[in-house]
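The chains referred to below are lettered A, B, ... by the order of the sequence lines, with proteins before strands, and numbering in each begins at 1. Both backbone and side-chain heavy atoms feed into the values below; hydrogens, waters and symmetry mates do not.
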Protein chains: 2
Amino acid sequence: MTATTPILAAHGALASQNCQACPIRHRAVCAKCDDDELVRLERMKSYRTWQAGETIVMEGGALPFVGSVVKGSASLTRYLEDGRVQMVGLLMPSDFIGRPGRKTAPYKVTAITEVTLCMFDRSRFEALLESSMHVSSRLLEMSLDELDAARDWMLLLGRKTAREKVATFLALVFRRAPTSAAPLRCTLPLGRDTIATYLGLTIETVSRQVTGLRREGVIRLEGNGRTILCDDFPALLAQAGDDAFDDADDPFFR
Amino acid sequence: MTATTPILAAHGALASQNCQACPIRHRAVCAKCDDDELVRLERMKSYRTWQAGETIVMEGGALPFVGSVVKGSASLTRYLEDGRVQMVGLLMPSDFIGRPGRKTAPYKVTAITEVTLCMFDRSRFEALLESSMHVSSRLLEMSLDELDAARDWMLLLGRKTAREKVATFLALVFRRAPTSAAPLRCTLPLGRDTIATYLGLTIETVSRQVTGLRREGVIRLEGNGRTILCDDFPALLAQAGDDAFDDADDPFFR
DNA sequence: CGTAGGATTGATGATGTTCAAAATTGGTGG
DNA sequence: CCACCAATTTTGAACATCATCAATCCTACG
């Protein structure tokens, strides 16, 4: 068996990709790896794809792997007894899933769009962690970034108004949009329900705030309300209520 | 100069303590260190104490050190432009302050009680991080625990009612109380204002919920309202609305 | 015994939720 | 090509919760 032998997972399997050509090569947990370490990772990795809406891991369920998001986005959610939900994390390409030393997931992980993961067998990954500073130090960096992002979100959840929450979210989305010239345009991969879960609001309140921003001329809508345009980005930022937007701490831009 | 030479900081300095006798020796970032690494840490450490209410670091201010809380507790808070505040972290003994590679603090750090920090010069600590897997892997563990705690708190901030927030907070406090037999008794080091900042509520709402719990016989108050007794802990947990209390993810018990 | 700081209580109002219905869109099949 | 259907979004009205503003009360302390 060589490092380039295709490895197949049980379901939705993809052929193994060459790490050198990987789109997240320089941002994911493997970012600092040298060629030898990359070979070790290629030996233990496998790909799998989930469709939008599919559950990747149940809350409290077994998580026999760790891995990176290669393509698409996924949500981490927590539940209260009576069914109330809060999204506690949004995974984008290069983000890491799972944690060394833990075999079950403390959150439910759900595919928002079609998601492809690059999965590593946990025990073999842990062995690599112990021997390679490149992997462990990158994982530490990424975890500290996640921690900052989570704390930013705590400020939003605890203190921002519905209007500020929605404006903050939209500003976040536009920062990732391919277009940088006005009008900014973005087609959300999320429904109102997912946005509500992310912001700690109800669907109705999200909808009302989007409508409010539209009426005030800050944004425009197209089609089914999932495509949003913005002619005046500073006006949107002004509604976000933030001290200052700081890309480095922005959950979408790590 | 030897490893046991007392090192003095500019203000509120304490003599260097022996790491072996340190109360947080087995829980802090140095938990996994061997004797050699401990010697290196002793060479770069210094102690400093702040009084309750003092600012340890300003939001956005320079943070020339990293370090561990040895004694007391401190809060991490973030602000919006108009002054709204949210506590985003509660530091207890053994918790770590600062992050490698970053020279400014993204949060304001305030002493809740009298606080003593064991501070390490940042650049020397970073050098140790690069050479010692024991320090970096422990820091990774602690950071991932913090991340879990932050996400738990996101669920509280986003979805719990005022009653559930206060009950959750009190349950948290009682879990740290020295007494394990009924009646549980605890004297809070926090005022109503700090609790409100922690829970994303106002002082008045916290007070009303405490009163509500008292009227319903779940808790009793003593003195100025900072000493709280609980005869029926399960009744308190029932008010917390949580799925299950899980010590491992509890921000007070890491 | 008086005072200051913190905690509690009360009255009122704003904000966001809930429940219910209507509108819009994209897809399907005649 | 058009009509219909299901899913999603939007809108409306009533309500609940929590914040705000303004006293008042309590406790610790001098």
request  = Considering only heavy atoms of chain A and a distance under 4.0 Å, specify the first and last nucleotide of DNA chain C in 5' to 3' order that meet this criterion.
outcome  = dG16(C) to dT25(C)
ask   = Yes or no on side-chain hydrogen bond (donor to acceptor under 3.5 Å, both in side chains) for Arg78(A) and Gln86(A), after CA distance, side-chain angles and deciding distance?
value = CA-CA 5 Å; Arg78(A) 287 207 57 147; Gln86(A) 177 63 52; over 6 Å; no
ask   = What residues form a side-chain hydrogen bond (donor to acceptor under 3.5 Å, both in side chains) with Ser143(B), not counting sequence neighbours?
value = none
request  = Could you state the atom-to-atom distance from CD of Glu222(B) to P of dT27(D) in whole Å?
outcome  = 11 Å
task = If a pair satisfies salt bridge (charged side-chain N to carboxylate O under 4.0 Å, His left out) and one of its residues is in residues 64-76 of chain B, list it, with sequence neighbours excluded.
result = Lys71(B)-Glu114(B)
message = Taking side-chain hydrogen bond (donor to acceptor under 3.5 Å, both in side chains) as the definition, give me every residue that meets it alongside Thr202(B), ordered by chain and number, with sequence neighbours left out.
response = Thr205(B)
key: Of all pairs that satisfy salt bridge (charged side-chain N to carboxylate O under 4.0 Å, His left out), the ones with a partner from residues 189-206 of chain B, not counting sequence neighbours   = none
query = With sequence neighbours left out, what residues match Arg208(B) under side-chain hydrogen bond (donor to acceptor under 3.5 Å, both in side chains)?
reply = none
task = Summarise protein proximity over nucleotides 4-11 of chain D in one line of letters, 5' to 3': B for base, S for sugar-phosphate only, - for none, counting protein heavy atoms closer than 4.0 Å.
result = ----SSBB
query = Mind checking what makes ring pair (Phe, Tyr, Trp, His ring centres under 6.0 Å) contact with Phe96(A), not counting sequence neighbours?
reply = Phe125(A)
key: Thr227(B): side-chain contact (heavy atoms from CB on, under 4.5 Å) partners, not counting sequence neighbours   = Arg185(B), Thr187(B), Glu222(B)
